[in-house]
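Only one structure is covered here, and it is reproduced in the block below.
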Amino acid sequence: MRAFRRPLSRGVAVPLLAVAAVLSGCAAAQMGNMWRDESFHAAPMTNVLVVSLRTDGVKRRLWEDALANGLAGRGAKATPSYLLWANALPDTQQVIEAVRANGYDGVFVNMRPPDGQMQNVIPGYVNRESVTRQNPFTGAYYTVWQDVQVPERTEAVAVANFKTDVWTTKDGGRLVWSGSSMTTDAVTALSIQTQVENLLLPEMAKAGLLGGKKK
């Protein structure tokens, strides 16, 4: 998707979440860093093309459908790219031609960066345990209870990372929003929908790219 120009100095990086975090009590899906072009003040996008950069056809469709359905719930007409190019991902020229032919005012591109890890800190605790002992004088066995300190430990948890870019097609095309999302859950249709509905689309709406959610 290199046909669109990246802005060089008109944006601001907004770090929202340190990747190393205690997972206890945290949501399995979370937002990472976000960026937006503060100079972009156009009306919410209403006719967009959704492209998921996956060679796996099923995963491509899951992401494109989730984004398209979520966008439709916010008043935008969204076309999954697999409806135009069913057998392979489109190249840059094909996207440009589709934008011109269909009047898309935005292109949403989802991709899959390398996976990572989060550190899950499990606090130490005191465990009450029974211990069986033998009386050295009588030979009889008896049970006593004692407190055993279980130390704190750290576990590495696999994290699936995702990145979604939003391009405006106005003024020659440029990137206007980018956000990273992550999940410790298995990547399924449900976990994808959770990221789209609960994380990505609300942040895009806050940035003024989308309208409000339909009642």
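Sequence positions, counted from 1, serve as the residue numbers for this chain. Note: hydrogens, waters and symmetry copies are ignored here, and every other heavy atom, side chains too, is used.
Checking S178 against D165 by side-chain atom types alone, a donor-acceptor pair falls below 3.5 Å. Between the side chains of Q93 and D91, no donor-acceptor pair is found at a separation under 3.5 Å.
Judged as a side-chain contact (heavy atoms from CB on, under 4.5 Å), and not counting sequence neighbours, the contacts of Q146 are V131, R133, V148. Remark: P202 engages R74 in a side-chain contact (heavy atoms from CB on, under 4.5 Å) (not counting sequence neighbours). By the ring-ring contact (aromatic ring centres under 6.0 Å, His included) test, Y104 pairs with no residue at all, sequence neighbours left out.
Ion pairing between a basic and an acidic side chain is recognised when a charged N comes within 4.0 Å of a carboxylate O; R61 and E64 show no such pairing.
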**Q.** Stepwise ring pair (Phe, Tyr, Trp, His ring centres under 6.0 Å) check, F108 with W167
**A.** CA-CA 6 Å; F108 287 57; W167 298 78; over 10 Å; no
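Judged purely by atom type and a 3.5 angstrom limit, N102 has no side-chain atom pairing as donor or acceptor with the backbone of L49. Side-chain atoms of Q134 come within 3.5 Å of backbone N or O of G139 as a donor-acceptor pair. A side-chain donor-acceptor contact under 3.5 Å links N161 to the backbone of P114.
Ring pair F40/W177: centre-to-centre distance not below 6.0 Å.
Atom CZ of R128 has more than 12 neighbouring heavy atoms from other residues, nucleotides or ligands inside a 6.0 Å radius.
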